[in-house]
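Remarks on the structure that follows.
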Amino acid sequence: MKQALLPIANDLNELIGCDDNEDGISEYFETSGVASQVVGNQEGVLVSYFDANGNSLPSPLPNPYTNTVVNEEIITVRVTNPQTFCYNETSLTLTTSSRPHLGIPT
């Protein structure tokens, strides 16, 4: 597929990471497929990531990724055409999941 003038940022699936100690932070977000999912079959585009304040995050995202916002972090994922600087964005939601609390059998 040829490079699109206006790239497409495909929708991303929510990522869920286990919260081992109930602090709302997970060190287990599997981010290895994020770039390929957001780009799809587009070629020659760049992927970049931004936190809720617009600050740049590493690209590619570390894998596994540790969220910095308790319970749910929203990352903006930008797909850019480096020739035109046109871009499109989508959101990546990282949600922590607490361990289930098991009752003691009586």
Side-chain angles (χ1 to χ4, degrees):
M1 180 175 179
K2 295 190 123 197
Q3 185 178 39
L5 294 178
L6 180 59
I8 297 167
N10 293 304
D11 290 337
L12 295 166
N13 297 327
E14 173 186 32
L15 298 180
I16 298 175
C18 184
D19 180 2
D20 288 341
N21 59 4
E22 300 182 20
D23 65 354
I25 302 296
S26 174
E27 299 83 16
Y28 307 109
F29 289 103
E30 170 61 49
T31 60
S32 63
V34 171
S36 61
Q37 185 180 359
V38 77
V39 169
N41 61 359
Q42 300 170 90
E43 296 177 6
V45 294
L46 303 174
V47 178
S48 50
Y49 305 90
F50 302 90
D51 68 15
N53 296 318
N55 299 313
S56 291
L57 297 172
S59 183
L61 287 174
N63 185 46
Y65 182 84
T66 301
N67 61 311
T68 58
V69 177
V70 174
N71 298 323
E72 184 176 89
E73 181 172 353
I74 308 293
I75 294 175
T76 299
V77 183
R78 179 180 291 175
V79 179
T80 303
N81 176 328
Q83 294 177 342
T84 63
F85 300 104
C86 293
Y87 64 88
N88 199 326
E89 295 178 335
T90 192
S91 296
L92 172 63
T93 302
L94 307 175
T95 303
T96 56
S97 176
S98 298
R99 292 182 299 180
H101 296 278
L102 302 177
I104 299 173
T106 55

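No donor-acceptor pair closer than 3.5 Å links the side chain of Asn81 to the backbone N or O of Cys86. Proximity of a side-chain donor or acceptor of Asn67 to a complementary backbone N or O of Val69 within less than 3.5 Å is detected. Although no hydrogens or angles enter the test, the distance criterion places no donor-acceptor pair under 3.5 Å between the side chain of Thr93 and the main chain of Ile74. The backbone N or O of Thr90 sits nowhere less than 3.5 Å from a side-chain atom of Thr76 that would complete a donor-acceptor pair.
For the pair Leu61 and Leu92, the minimum side-chain heavy-atom distance is below 4.5 Å. Looking only at side-chain heavy atoms (C-beta outward), Ile75 and Asp51 stay at 4.5 Å or farther from each other.
Pairing each heavy atom of Val47 with each of Ser59, the nearest pair is O-OG, 2.7 Å. Closest approach of Pro58 to Tyr49, counting heavy atoms only: O-CD1, 3.5 Å. When all heavy atoms of Pro7 and Gln42 are compared, the pair lying nearest together is CA-OE1, 3.4 Å. The shortest non-hydrogen separation linking Thr68 to Ile25 is C-CD1, 4.3 Å. Across all their heavy atoms, Leu6 and Tyr87 have their closest contact at CD1-O, 3.6 Å. Closest non-hydrogen pair, Pro82 versus Gly44, comes out as CD-O, 3.1 Å.
Looking at Ile8, Val38, Val79 one by one, the single match for side-chain contact (heavy atoms from CB on, under 4.5 Å) with Val45 turns out to be Val79.
Side chains of Asp20 and Tyr28: a donor-acceptor N/O pair is present below 3.5 angstrom, by distance only. Inspection of the Asn63 and Glu30 side chains reveals an N or O donor paired with an N or O acceptor under 3.5 Å.
The OG atom of Ser26 sits 7.0 Å away from atom CG of Asp19, with the distance rounded to the nearest 0.5 Å. Thr31 contributes atom OG1, which lies 12.0 Å from atom CD of Gln37 (distance to the nearest 0.5 angstrom). One distance of note links CG of Asp23 with CG of Asn21; it measures 4.0 Å at 0.5 Å rounding. Taking OG1 from Thr80 and CD from Glu89, the interatomic distance works out to 8.0 Å, rounded to the nearest 0.5 Å. The structure places CZ of Phe29 at 7.0 Å from CG of Leu15, a figure rounded to the nearest 0.5 Å. Ile16 CD1 to Thr95 OG1: the interatomic distance, rounded to the nearest 0.5 Å, is 6.0 Å.
By the criterion of side-chain heavy atoms lying less than 4.5 angstrom apart, applied directly or through intervening Ile, Leu, Val, Met, Phe, Trp or Tyr residues, Leu94 is not grouped with Phe50; the two fall into different hydrophobic clusters. No chain of hydrophobic side-chain contacts below 4.5 Å, direct or via other Ile, Leu, Val, Met, Phe, Trp or Tyr residues, connects Leu46 to Val39.
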